[in-house]
Amino acid sequence: MLGDGLVTACVKEAHGRFSAECLTPDESAKLLRAAAVEAVERVRAGTAPRMDVGDGSFDLRITFHTTLQCDRGAILPGVERLGGRTLRVCGYGMAEMRRWSGALIGLGSD
């Protein structure tokens with residue numbers, strides 16, 4: 001969504017839900033610090049990518065790991081169930097969507 005100009009720092013490669021090949025903490029810290037410095041420099045220079053999310057209408061879809069997590073979030077009024085593990089809610093503005101995402105993720109937590 002932000003293109004090739006986005007500064008990232010890859011500190012692990014996932015092999016599954018519970019396993020990953022990770023850099024050491026020291027290597028990760030160095031890489032993250034260098035990426036943060038570069039990102040701040042790009043913001044200051046006005047060359048950092050920007051995403052205009054505005055305050056328009058949003059269509060939020062959350063896919064959970066299990067159907068039980070989805071069941072918990074599906075009890076809220078205004079939430080539409082799209083499948084065994086996916087919920088959908090529509091709203092207006094980033095603040096409202098943040099509240100929705102927090103509520104759904106919170107209800108789905110184990």
Side-chain angles (χ1 to χ4, degrees):
M1 289 175 31
L2 293 174
D4 295 333
L6 181 67
V7 178
T8 62
C10 182
V11 296
K12 65 182 173 183
E13 181 180 341
H15 295 292
R17 184 171 173 201
F18 297 110
S19 65
E21 188 174 331
C22 304
L23 297 178
T24 67
D26 287 341
E27 291 171 320
S28 294
K30 289 176 187 173
L31 192 59
L32 290 168
R33 185 174 310 278
V37 167
E38 182 180 348
V40 169
E41 289 172 354
R42 287 186 184 190
V43 168
R44 287 183 178 154
T47 60
R50 295 175 49 107
M51 183 173 73
D52 182 16
V53 294
D55 248 355
S57 297
F58 292 90
D59 180 341
L60 173 68
R61 296 166 192 234
I62 297 178
T63 300
F64 294 93
H65 289 289
T66 68
T67 54
L68 176 60
Q69 293 170 313
C70 190
D71 292 343
R72 293 175 182 162
I75 65 168
L76 293 176
V79 174
E80 177 185 1
R81 190 164 192 155
L82 299 179
R85 297 183 301 119
T86 302
L87 298 177
R88 175 186 184 212
V89 64
C90 296
Y92 189 81
M94 289 299 290
E96 179 181 355
M97 299 318 291
R98 173 61 186 102
R99 287 191 296 273
W100 272 116
S101 64
L104 293 172
I105 292 168
L107 284 171
S109 298
D110 287 333

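All residue numbers in this chain count up from 1 along the given sequence. All values below come from the heavy atoms of this structure, side chains included, with hydrogens, waters and symmetry mates left out.
A search for side chain to side chain contact (heavy atoms under 4.5 Å, CB included) contacts involving Leu31 returns Ala9, Val11, Leu23, not counting sequence neighbours. The side chain to side chain contact (heavy atoms under 4.5 Å, CB included) check on Ala36 picks up nothing, with sequence neighbours excluded. Taking Asp26 as the reference, Thr24 meet the side chain to side chain contact (heavy atoms under 4.5 Å, CB included) condition, with sequence neighbours excluded. Arg42 pairs by the side chain to side chain contact (heavy atoms under 4.5 Å, CB included) definition with Val7, Glu38, Thr47, Ala48, not counting sequence neighbours.
Rounded to the nearest 0.5 angstrom, Leu82 CG and Ile62 CD1 are separated by 11.0 Å. Atom-to-atom distance recorded for Thr66:OG1 and Asp71:CG is 8.0 Å, nearest 0.5 angstrom. Atom CD in Glu27 sits 11.5 Å away from atom CG in Leu32 (nearest 0.5 Å). In this structure, OG on Ser101 lies 8.5 Å from CE on Met94, to the nearest 0.5 angstrom. Taken to the nearest 0.5 Å, the OG atom of Ser109 stands 7.5 Å off from the CD atom of Gln69.
Connection of Leu107 to Leu68 is not established within any shared hydrophobic cluster, with ILVMFWY side chains joined at heavy-atom distances below 4.5 Å, either directly or through further cluster members.
Considering every non-hydrogen atom in both Ala20 and Ala14, the closest pair reads CB-CA, 3.9 Å. For the residue pair Cys22 and Lys12, the shortest heavy atom distance occurs at SG-CB, 3.8 Å. In plain terms, the two heavy atoms of Phe64 and Ile105 that are nearest each other are CE2-CA, 4.5 Å. Minimum heavy-atom separation, Pro49 to Gly5: CD-O, 3.5 Å.
The salt bridge (Lys or Arg N to Asp or Glu O under 4.0 Å) contacts involving residues 90-103 comprise nothing, where partners must be two or more places apart or lie in separate chains. Screening residues 83-95 for side-chain hydrogen bond (donor to acceptor under 3.5 Å, both in side chains), with sequence neighbours left out, gives Asp59-Arg88, Thr63-Thr86, Glu80-Arg88.
Considering only heavy atoms from C-beta on, Val89 stays 4.5 Å or farther from Arg61 through its side chain.
By the 6.0 Å contact criterion, CZ on Arg33 is open, its count of non-hydrogen atoms from other residues, nucleotides or ligands being 12 or less.
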